[in-house]
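Remarks on the structure that follows.
Chain letters run A, B, ... following the sequence lines, proteins first, then strands; residues in each count from 1.
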Amino acid sequence: MFQVKAGDLNKMGLLFERYHRKLFSFLYYMTGKDDASEDLVQNVFFRMLKYRHTFTGEGEFKTWMYHLARNVLADHSQKNKRSVLHEDVQNYSDRISSGAGADDSIYKEQELITLYDSLGKLSEEYREILVLSRFQELKYEEIARILNTTEGAVKVKVHRAMNQLKNIYLKLEQ
Amino acid sequence: MTNCKDIEEKLADWLENQLSPQEQAQVESHLKQCPACQQEWQAMQQVWMQMGQLPVPKPSPAMKIRFEAMLETYATTVEEQQTYSPRHLLQLVKQLWQSVWMPRLVYSLLLISIGLGAGYWLHKPSDSQISQYQHQIDTLSIQMQEMRQMMLLSLLENPSASERLRAVSLTQEFKRVDPKVIKALLTTLNNDPNVNVRLVTLEALAELADDPSVREGLVQSLAHQDSPLVQVALADIMVKLQEKRSIELLRELLKQKHVDGTVKSKIQQTIKELS
Ligand SMILES: [Zn+2]
């Protein structure tokens, strides 16, 4: 599928159409910042262009894309120390308020803000695995390939991450 | 009997409703007899479902515009630069490394430079040495041609029309053209969105018309062209090549409603000259 390799930059536009929202959402959950995430998406696509000859076609394109995204993210985190997702919670709660339907109660809105805040307090490692499985809608098998581990290890990690998220959430709710 | 640890790995699939019926039964029976797990799992399930209700973060519309600008810049600066710099050559070599003849090419380059170096610096080369080098250089130039052809193929896919024009112009340097290149040129002739690119391609192909597959392709192309400029140029070439096979397709073209008036009279004249 990866004809970009042959130098066809047009195909890059199609890949952008297909994946940029998913990538943005991944990077947004990992950094908590709108602008930074857009820059990072741009960065991922730039690397795809630049290194398209290294994509061998073995293994899925998606895996390669997340590898690039994680590298870009690692560079970014190194420069910006730890990501502090919860600092952006105000911004995010605006999204939630404006996105809530008519019959959504304020109570429910508050719950979602608390949940978002809890995600921000989760370690990056645990947050990442939940973002990949829950928000990126990847199969555990795909996540295993992205993280270079086994499917079983991914599942155990999801359990531990969920357990921690639930504990943080319950604590914040009190 | 299963213990709490045994089912730890199953939660992930349980949350996604991916457990097999047996596993499902195993988990349920554990949860029934273990209130601690039951409480934990239910709480996690609730959080999991709630996560599904978080709004999806969306990028701003500016994102796409910036991407397109980046792509354009990349196509016109980075790729262009590389085409002329040693860095590009190196990259080209890397890209072509896997093809069969590439290692041979590098090997010959090495041999020749060692040979020339040693020959010229240590003593005057003998005639037989010189003819040997000449032979090596000839082989190398054939291999360089193959490399150019590969370059042409990749340039033809470039989104920028000027790059594609450059690709077509490379054919002038070819002594012998690979069938793959001919196929790519014919595709460009029939499908390129840019009329100038199609016209230049047509000229290049006309030069290669000794090849029967090129002739055949040119004749067939009559059925694909909708630009009057290209249609007229093709008709001229048909006369030049005395391609009688084109008469039938030219007649077809005349029947079509959307064909331009001047093109029609040109076609009629062409048919007359060919029959
Ligand atoms: Zn238990």
How many angstroms lie between CE in B/M44 and CG in A/N167, if you round to the nearest 0.5 Å?
9.0 Å
Check whether more than 12 heavy atoms from other residues, nucleotides or ligands sit under 6.0 Å from atom CD of B/Q46, and answer yes or no.
no
In Å and rounded to the nearest 0.5 Å, what is the OG1 to CD distance from A/T114 to B/Q50?
8.5 Å
Might you point out which heavy atoms bring B/E16 and A/Y140 nearest each other, and give the distance in Å?
CG-OH, 3.2 Å
Heavy-atom distance under 4.5 Å to chain A: side chain of B/K10, backbone, both or neither?
neither
Can any side-chain N or O of A/Q42 pair as donor or acceptor with the backbone N or O of B/R66 at less than 3.5 Å?
yes
Are the side chain of A/Y169 and the backbone of B/V47 linked by a donor-acceptor contact shorter than 3.5 Å?
no
Working to the nearest 0.5 Å, report the span between CZ of A/F135 and CG of B/L54.
5.0 Å
Applying a strict 4.5 Å limit to non-hydrogen atoms, the region of B/L15 in contact with chain A is side chain
In terms of heavy-atom proximity below 4.5 Å to chain B, should A/D35 be classed as side chain, backbone, both, or neither?
neither
What part of B/W14 lies closer than 4.5 angstrom to a heavy atom of chain A: side chain, backbone, both or neither?
neither
Using non-hydrogen atoms only, which part of A/F45 is less than 4.5 Å away from chain B: side chain, backbone, both, or neither?
both
Rounding to 0.5 Å, atoms CE (B/M51) and CG (A/L165) come to a distance of 5.5 Å
I need the full list of salt bridge (Lys or Arg N to Asp or Glu O under 4.0 Å) pairs touching residues 20-29 of chain A, with sequence neighbours left out, sorted by first then second residue.
A/E17-A/R21, A/K22-A/E137
Quick one: does A/E38's side chain have a donor or acceptor within less than 3.5 Å of a partner on B/S60's backbone?
yes
Give every residue pair that meets the salt bridge (Lys or Arg N to Asp or Glu O under 4.0 Å) criterion with at least one member in residues 24-42 of chain B, sequence neighbours excluded.
A/K166-B/E40
Highest number of heavy-atom pairs under 4.5 Å with chain B among A/V158, A/N163, A/L170 belongs to A/N163
Would the number of heavy atoms belonging to other residues, nucleotides or ligands and lying under 6.0 Å from CD of B/E68 be above 12?
yes
Quick check on A/S133 against chain B: is it the side chain, the backbone, both or neither that has a heavy atom closer than 4.5 Å?
both
Which atoms form the tightest heavy-atom contact between B/M63 and A/F16, and what is the distance?
O-CZ, 4.1 Å
CD/A/E109 to CD/B/Q53 distance, rounded to the nearest 0.5 angstrom?
12.5 Å
Donor-acceptor pair, side chain of A/H159 and main chain of B/L11, under 3.5 angstrom:
no
